[in-house]
There are 2 protein chains.
Amino acid sequence: MGKMKRQPTHPGIIIKEDYLRPLSITIKDMAVILGVSRKTLSKIINERGSITPDMALRLSRAFDTTADLWMNLQKNYDLWLAEHTSKEWQAVKQISSDLIHSHSNC
Amino acid sequence: MGKMKRQPTHPGIIIKEDYLRPLSITIKDMAVILGVSRKTLSKIINERGSITPDMALRLSRAFDTTADLWMNLQKNYDLWLAEHTSKEWQAVKQISSDLIHSHSNC
DNA sequence: CATATTGTAACCTCTCAGGTTACGCATGTC
DNA sequence: GACATGCGTAACCTGAGAGGTTACAATATG
């Protein structure tokens with residue numbers, strides 16, 4: 001499977017670099033605009049929080065983007081992290097065609 | 001924004017209809033293959049559980065698919081649900097260009 | 001110095017994933 | 001009828017994490 005080599009950019013970085021900084025909007029003000037607490041937004045921007053579906057919808061409204069954009073950023077980040085953090089899933093084996101035809105044993 | 005009209009298919013339905021049923025594999029056996037409890041898989045298949053990143057990786061191994069496929073199914077489902085369940089996000093207003101140039105007040 | 005912004009700790013509530021165990025209900029088979 | 005299998009699910013526990021409020025220290029900036 002073609003996997004990502006490096007860790008995907010955290011959605012919070014995108015918010016900070018591509019929106020807040022260019023628009024000269026503070027985290028405090030942005031939190032008000034989004035209708036969330038300053039803590040919630042701060043956590044995301046400092047890569048300690050996740051984009052929830054609700055937050056994705058809020059961001060899509062404020063920045064006139066799709067909510068899907070933000071969901072995808074978070075999804076890619078989460079998947080990469082799980083892929084490189086846990087190992088247990090690697091023990092799962094592909095279902096072989098042998099298993100499919102196990103009925104021939106009857 | 002082009003939104004989905006209908007509720008996206010829950011990932012659990014895909015597992016059941018496109019994999020377990022065609023392959024004649026029971027939930028019990030599949031849970032063993034995935035290395036999770038019967039309850040966890042049962043919940044997902046009955047649309048009461050979510051595909052976590054870890055589960056997406058397990059499914060990708062067992063069914064020889066990408067983990068991204070399962071993550072996307074869950075993402076679309078979650079987003080649709082949030083969009084049609086909560087309403088608070090609709091109160092968020094787009095950042096106007098007025099706001100951007102508010103410095104001209106100095 | 002005074003004010004604004006920010007990260008973050010401490011604390012609370014709620015939700016949810018995931019595990020184990022056990023029950024009742026089907027549907028088989030002998 | 002007796003027994004086993006598969007299944008949904010309840011009850012229970014642990015741990016993680018979102019999100020809120022309040023408060024404090026640090027770092028600008030006027």
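These numbers come from a predicted model, not from an experiment. Just so we're on the same page: letters track the sequence lines, and every chain starts at 1.
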Q: Whole angstrom is fine here: how far is it from CG in D54(B) over to C1' in dC16(C)?
A: 15 Å

Q) For V92(A) and R58(B), which heavy atoms make the closest approach, and how far apart are they? A) CG1-O, 3.6 Å

Q. How long is the line joining CG of L20(A) and P of dG7(C), in whole Å?
A. 10 Å

Q. Any luck finding a side-chain donor-acceptor pair between D68(B) and N72(B) under 3.5 Å?
A. yes

Q: Please report the closest heavy-atom contact between L79(A) and P53(B), naming both atoms and the distance.
A: CD1-O, 4.3 Å

Q: Find the distance D29(B):CG to dG6(D):P and express it as a whole number of Å.
A: 6 Å

Q. Which pair of heavy atoms, one from A31(A) and one from L41(A), lies closest together, and at what distance?
A. N-CD2, 3.6 Å

Q. Among dT9(D), dA17(C), dT6(C), which nucleotide sits nearest the side chain of T26(A)?
A. dT6(C)

Q: Please report, rounded to the nearest Å, how far the P atom of dG18(C) is from the CH2 atom of W89(A).
A: 16 Å

Q) Rounded to whole angstroms, how far apart are NZ on K28(A) and P on dT21(D)? A) 14 Å

Q: Using whole Å, report how far CD1 of I27(B) lies from C1' of dA26(C).
A: 14 Å

Q: Please state how far atom CD1 in I51(A) lies from atom P in dG19(D), giving the value in whole angstrom units.
A: 9 Å

**Q.** Aromatic centroids of Y77(A) and W70(A) separated by under 6.0 Å
**A.** no

Q. Between residues 36-45 of chain A and DNA chain C, which residues have a heavy-atom gap below 4.0 Å?
A. R38(A), S42(A)

Q | Intermediate values then yes/no, side chain to side chain contact (heavy atoms under 4.5 Å, CB included), F63(B) and I95(A) | A | CA-CA 6 Å; F63(B) 297 144; I95(A) 296 180; 3.5 Å; yes

Q: Give a yes/no on whether any side-chain N or O of S50(B) is located under 4.0 angstrom from OP1 or OP2 of dA17(C).
A: yes

Q) Quick one: bend of the helix from dC1(C)-dG30(D) to dC30(C)-dG1(D) from 5 pairs per end, to 10°? A) 20°

Q.
Please say yes or no: joined through hydrophobic side-chain contacts below 4.5 Å, possibly via intermediate residues, are I51(B) and Y19(B) part of one cluster?
A. yes

Q: Taking the side chain as every heavy atom from C-beta outward, state whether M71(B) and N76(A) have any atom pair closer than 4.5 Å.
A: no

Q) Does E88(B) CD have over 12 foreign heavy atoms under 6.0 Å away? A) no

Q) R21(A) has an atom CZ; how far is it from atom C1' of dT5(C), in whole Å? A) 14 Å

